Amino acid sequence: VMDLLLSAGALDVFYTPIVMKKNRPATLLTVLCKEEQLQDMEMVLFRETTTIGIRRQKMARTILPRKKGSIALSYGEVLTKDVTLPDGTLRRYPEYESAASLAAETGLPLWQIMADFYKSSDS
């Protein structure tokens, strides 16, 4: 259901293990979406899960300015998300899929790609 929700435009989807009344284990499915996507998300949830009710709440969101970039490592390039903090500081994050793809291409472990990325972005 996560893939279907993301494909339908959800901003994010996550699962949380919880305990319901009578100590029954359950999984809380949380879907973050824009208000105009609400009906589409609910349709996916009712169609694809056993739920008979959905709780909703509105939230505010603060978004930092961001743009795409890249960092060249000695064995390849990693795509980045470059974010500007309110004080003007630039923070650079590796795109997971890009780092994982480079790890597969080079045979290096993902942790090594990430470590090299952060070493490179510090200099």
Side-chain angles (χ1 to χ4, degrees):
V1 77
M2 178 186 275
D3 290 339
L4 293 171
L5 290 161
L6 291 168
S7 294
L11 299 171
D12 208 347
V13 178
F14 58 91
Y15 304 104
T16 307
I18 60 173
V19 178
M20 303 287 286
K21 63 185 173 194
K22 301 180 184 177
N23 284 328
R24 290 180 297 172
T27 300
L28 175 65
L29 171 59
T30 302
V31 181
L32 303 179
C33 69
K34 295 179 179 174
E35 196 166 353
E36 58 268 17
Q37 298 169 307
L38 189 61
Q39 284 186 333
D40 292 340
M41 298 300 130
E42 287 185 343
M43 182 55 84
V44 171
L45 292 171
F46 284 129
R47 186 179 62 236
E48 300 293 335
T49 72
T50 59
T51 192
I52 58 173
I54 297 170
R55 290 184 178 96
R56 288 185 254 138
Q57 64 186 144
K58 285 187 179 184
M59 296 182 157
R61 183 179 184 207
T62 303
I63 303 171
L64 294 173
R66 64 195 76 184
K67 62 182 183 172
K68 295 180 182 203
S70 65
I71 286 187
L73 301 176
S74 61
Y75 42 79
E77 183 178 74
V78 176
L79 299 178
T80 64
K81 186 179 296 171
D82 301 344
V83 178
T84 304
L85 301 178
D87 67 1
T89 303
L90 177 69
R91 192 171 288 166
R92 187 169 259 183
Y93 300 97
E95 289 288 359
Y96 175 82
E97 291 83 6
S98 177
S101 176
L102 187 57
E105 288 172 23
T106 61
L108 293 169
L110 180 59
W111 68 263
Q112 184 68 55
I113 304 286
M114 298 300 246
D116 290 348
F117 171 88
Y118 284 108
K119 282 182 204 168
S120 176
S121 64
D122 286 341
S123 36

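In this text, all values refer to a predicted model and were calculated from it rather than measured experimentally.
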[atom1] of [X] to [atom2] of [Y]: how many Å apart, nearest 0.5 Å?
X: Q37; Y: L5; atom1: CD; atom2: CG; value: 10.5 Å
X: L45; Y: T51; atom1: CG; atom2: OG1; value: 7.5 Å
X: R91; Y: T84; atom1: CZ; atom2: OG1; value: 11.0 Å
X: L29; Y: T16; atom1: CG; atom2: OG1; value: 9.0 Å
X: L85; Y: D87; atom1: CG; atom2: CG; value: 5.5 Å

Legend entry - Residues forming a side chain to side chain donor-acceptor pair (under 3.5 Å) with E77, sequence neighbours excluded: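 Testing E77 for side chain to side chain donor-acceptor pair (under 3.5 Å), a comparison that skips the adjacent residues, returns S70.
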
Legend entry - side chain to side chain donor-acceptor pair (under 3.5 Å) partners for K58, two or more places apart: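 E35.
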
Inset, instruction - Quick one: name the residues clustered hydrophobically with M59, using the 4.5 Å side-chain heavy-atom rule over I, L, V, M, F, W, Y, and just say none if it's on its own. - result: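 Under the 4.5 Å side-chain rule, M59 groups with nothing.
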
Legend entry - Hydrophobic cluster of M20, others only, ordered by chain and residue number, side-chain cut-off 4.5 Å: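 Direct or chained contacts put M20 with I18, L28.
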
Inset, instruction - Verify side-chain contact (heavy atoms from CB on, under 4.5 Å) between T106 and Q112, making sure each step is shown before the conclusion. - result: CA-CA 11 Å; T106 61; Q112 184 68 55; over 6 Å; no

Inset, instruction - Is it possible for you to say whether L38 and V31 belong to one hydrophobic cluster, with membership spreading through side-chain heavy-atom contacts below 4.5 Å? - result: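 Different clusters: L38 never reaches V31 through Ile, Leu, Val, Met, Phe, Trp or Tyr contacts under 4.5 Å.
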
Legend entry - Cluster link L32 to V13, ILVMFWY, side chain under 4.5 Å: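 They do not share one cluster, since no chain of ILVMFWY contacts under 4.5 Å joins L32 to V13.
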
Give me the atom names and distance for the closest heavy-atom approach of [X] to [Y].
X: F46; Y: I52; result: CE2-C, 4.0 Å
X: A72; Y: S120; result: O-OG, 4.2 Å
X: Y93; Y: F117; result: C-CZ, 3.8 Å
X: A10; Y: C33; result: CA-CB, 4.4 Å
X: L73; Y: I113; result: CD1-O, 4.1 Å
X: Y118; Y: P94; result: OH-CD, 3.1 Å

Exceeds 12 heavy-atom contacts within 6.0 angstrom, atom [atom1] of [X]:
X: Y96; atom1: OH; result: no
X: R66; atom1: CZ; result: yes
X: E36; atom1: CD; result: yes

Inset, instruction - Check for a donor-acceptor pair, side chain of E48 on one end and backbone N or O of L4 on the other, with a separation under 3.5 Å. - result: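 It does not hold such a pair.
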
Legend entry - Partners passing side chain to side chain contact (heavy atoms under 4.5 Å, CB included) against R47 (at least two apart in sequence or in another chain):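 Partners of R47 by the side chain to side chain contact (heavy atoms under 4.5 Å, CB included) criterion, ordered by chain and then number, come out as M43, V44.
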
Inset, instruction - Answer yes or no: is there a side-chain heavy-atom contact under 4.5 Å between V78 and D116? - result: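 SC-SC contact between V78 and D116 ruled out.
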
Legend entry - Working for side-chain contact (heavy atoms from CB on, under 4.5 Å), residues K68 and L79: CA-CA 7 Å; K68 295 180 182 203; L79 299 178; over 6 Å; no

Legend entry - Inter- and intrachain pairs under side-chain hydrogen bond (donor to acceptor under 3.5 Å, both in side chains), touching residues 18-31, at least two apart: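 Those involving residues 18-31 do not exist here.
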
